[in-house]
2 protein chains.
Amino acid sequence: MALLSVDHERWSGARRWEVMLLAKQSVAKGRARFRREAPEDRRRQLGEAALRCIVKHGNAGVSVRQIAAEAGVTQGLITHHFGEINELVAYAFDIMSAGILQVLMKGVEEAEPTPQKRLDSFIELSFSPLLFDRDVLGVWVVFWGLILHSPRMSASQQGEYSDYVVTVEGLLRDLAQDEGFSIGDIRLTAIAFTALLDGLWLAWCLNPASFKPEQGVQLCRNWVEGLRRGAYG
Amino acid sequence: MALLSVDHERWSGARRWEVMLLAKQSVAKGRARFRREAPEDRRRQLGEAALRCIVKHGNAGVSVRQIAAEAGVTQGLITHHFGEINELVAYAFDIMSAGILQVLMKGVEEAEPTPQKRLDSFIELSFSPLLFDRDVLGVWVVFWGLILHSPRMSASQQGEYSDYVVTVEGLLRDLAQDEGFSIGDIRLTAIAFTALLDGLWLAWCLNPASFKPEQGVQLCRNWVEGLRRGAYG
DNA sequence: AGAGAAATTATAAGATCGTATAGCAAGAAA
DNA sequence: TTTCTTGCTATACGATCTTATAATTTCTCT
């Protein structure tokens with residue numbers, strides 16, 4: 001899980017440097033000076049290092065030098081694998097997007113197979129520490145800034161957003177069908193629910209004192225209650 | 001109006017440079033080489049230049065050199081008036097926040113004095129080209145990024161957000177009282193509505209094809225309808 | 001064991017960044 | 001007209017950035 005690996009490795013800086021030191025020691029003993037890895041693996045390592053840098057320094061963390069240092073490699077390796085740094089960031093965005101949607105879908109699939117429980121699982125997971133996290137938003141804000149100015153990033157975003165909305169759409173449709181209420185425009189309604197989730201995430205991360213995650217869950221349930229009562233019919 | 005001035009002056013670059021050229025010509029004729037302005041005025045000019053730079057280049061626009069060039073002054077002037085650049089950015093944030101809330105409140109006050117019309121005016125204005133604008137979000141996203149990493153910016157944000165929520169709270173309270181329905185926790189409910197607005201703003205700016213501003217208005221009205229039907233009681 | 005492919009390092013060049021400092025000059029006051 | 005305050009310019013320094021290039025090293029494959 002991409003997201004988890006980011007969180008886990010955030011605190012493993014020490015271990016990371018130990019590894020490097022060991023590597024340098026082993027040079028003196030005639031061992032390998034660096035590890036040669038499969039491009040696929042290295043690309044992912046660099047992508048995750050980029051995410052860690054962004055978590056730590058925000059926009060300032062988007063830098064070839066910092067990311068290379070974080071990954072424990074030299075700068076040239078980023079050029080070698082990604083050409084320009086924007087490509088690395090876009091790749092990191094894809095990793096993160098996929099990770100988040102995967103976390104959510106896994107939770108939904110593990111819930112009891114009723115539309116109510118599935119949607120509720122989706123909501124609760126959205127407000128769990130795994131996603132409802134300042135650091136996660138910090139990464140996302142950087143991405144938003146890039147999306148607005150980079151066609152490459154924008155293209156990725158459109159796909160990810162579409163997938164997300166379609167997922168929400170399915171959850172809402174199933175609920176409406178099961179409970180027998182009607183929704184005028186399901187796609188639009190899913191967009192609104194998505195917006196509510198994102199807006200609460202944003203508000204809480206920027207101002208954690210304003211409400212508690214559980215209250216966020218409640219507000220989403222209230223929204224669903226409005227849906228039940230036909231406000232979106 | 002801060003926001004308007006940003007929008008207006010975005011297209012007045014040519015005029016701005018003409019002024020500079022004239023100023024330089026006049027040097028040859030022995031006239032003033034630069035204008036000496038009151039600190040208050042100059043600070044505002046620099047703040048608005050900063051906003052224009054952010055609109056144009058996003059995070060990359062936050063640069064002493066670029067902002068000074070945009071304002072038609074030398075770099076040292078920013079140091080002189082603000083000390084460090086973060087202070088200028090925070091000032092620009094305050095300008096912009098005040099401008100947005102002012103636009104909204106002016107619209108509300110100009111609406112017919114019924115709770116329904118006032119809230120609806122607030123909603124429609126939120127989705128008008130003045131605020132529902134890619135460039136405006138672009139500026140905001142940069143601010144969000146800074147808020148997450150700067151206590152100074154965070155302090156400003158807490159105040160602005162609080163004002164905003166209190167405003168929404170008042171609009172909702174008046175509506176509930178007038179129509180005789182109940183709201184469990186008005187502050188929380190106002191937070192949810194604010195989140196919905198921000199979320200829709202964000203979604204549309206990142207993906208303008210996903211829905212039309214009028215549809216955003218409708219989704220907000222639907223949310224209010226859910227409120228009426230007691231979903232937040 | 002040895003050769004070849006390519007992953008990785010090493011190094012440099014050129015921009016741009018933020019900030020500090022010293023001196024100039026605009027415009028009000030006398 | 002002359003003085004004085006201070007807004008403003010001019011310039012420099014050191015750090016950091018991106019990107020390009022060539023040399024080196026690892027590791028697989030035969």
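In the text below, chain A, chain B and the rest are named by the order of the sequence lines, each starting its count at 1. What's counted below: heavy atoms across the whole structure, side chains too, no hydrogens, waters or symmetry copies. Model, not experiment: these values are computed from the prediction.
With sequence neighbours left out, B/E160 forms a salt bridge (charged side-chain N to carboxylate O under 4.0 Å, His left out) with no residue at all. Under the rule for a side-chain contact (heavy atoms from CB on, under 4.5 Å), the partners of A/T167 that lie at least two apart in sequence or sit in another chain are A/L101, A/M105, A/F122. Residues meeting the salt bridge (charged side-chain N to carboxylate O under 4.0 Å, His left out) test with B/E109, sequence neighbours left out: B/R118. Taking the ring-ring contact (aromatic ring centres under 6.0 Å, His included) definition, one finds that B/F193 meets it with B/W223, sequence neighbours left out. B/Y161 is linked by a ring-ring contact (aromatic ring centres under 6.0 Å, His included) to nothing, counting only residues two or more places apart in sequence or in another chain.
Among the nucleotides D/dT19, C/dT8, D/dT9, the one closest to any side-chain atom of B/L77 is D/dT9.
Side-chain N/O atoms of A/R35 and base N/O atoms of C/dA7 include no donor-acceptor pair closer than 3.5 Å. Between the side chain of B/R36 and the base of D/dT6 there is at least one donor-acceptor pair of N/O atoms closer than 3.5 Å.
A salt bridge between B/R44 and B/E40 is absent, with no side-chain N of the basic residue lying under 4.0 Å from a carboxylate O of the acidic one.
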Nucleotides 10-16 of chain C: protein proximity per nucleotide (B base, S sugar-phosphate only, - neither; heavy atom, under 4.0 Å)
-------
N/O donor-acceptor pairs under 3.5 Å from side chains in residues 197-204 of chain B, not counting sequence neighbours:
residue	atom	partner	partner atom	Å
B/W201	NE1	B/L131	O	3.2
B/W204	NE1	B/P208	O	3.4
B/W204	NE1	B/F211	O	3.0

Show every donor-acceptor pair shorter than 3.5 Å between a side-chain atom in residues 76-87 of chain B and any protein atom, with sequence neighbours excluded, or say none if there are none.
residue	atom	partner	partner atom	Å
B/E87	OE2	B/R152	NE	2.9
B/E87	OE2	B/R152	NH2	3.3

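Taking every heavy atom of residues 79-88 of chain B and every atom of DNA chain D, pairs under 4.0 Å involve B/H80, B/H81, by number.
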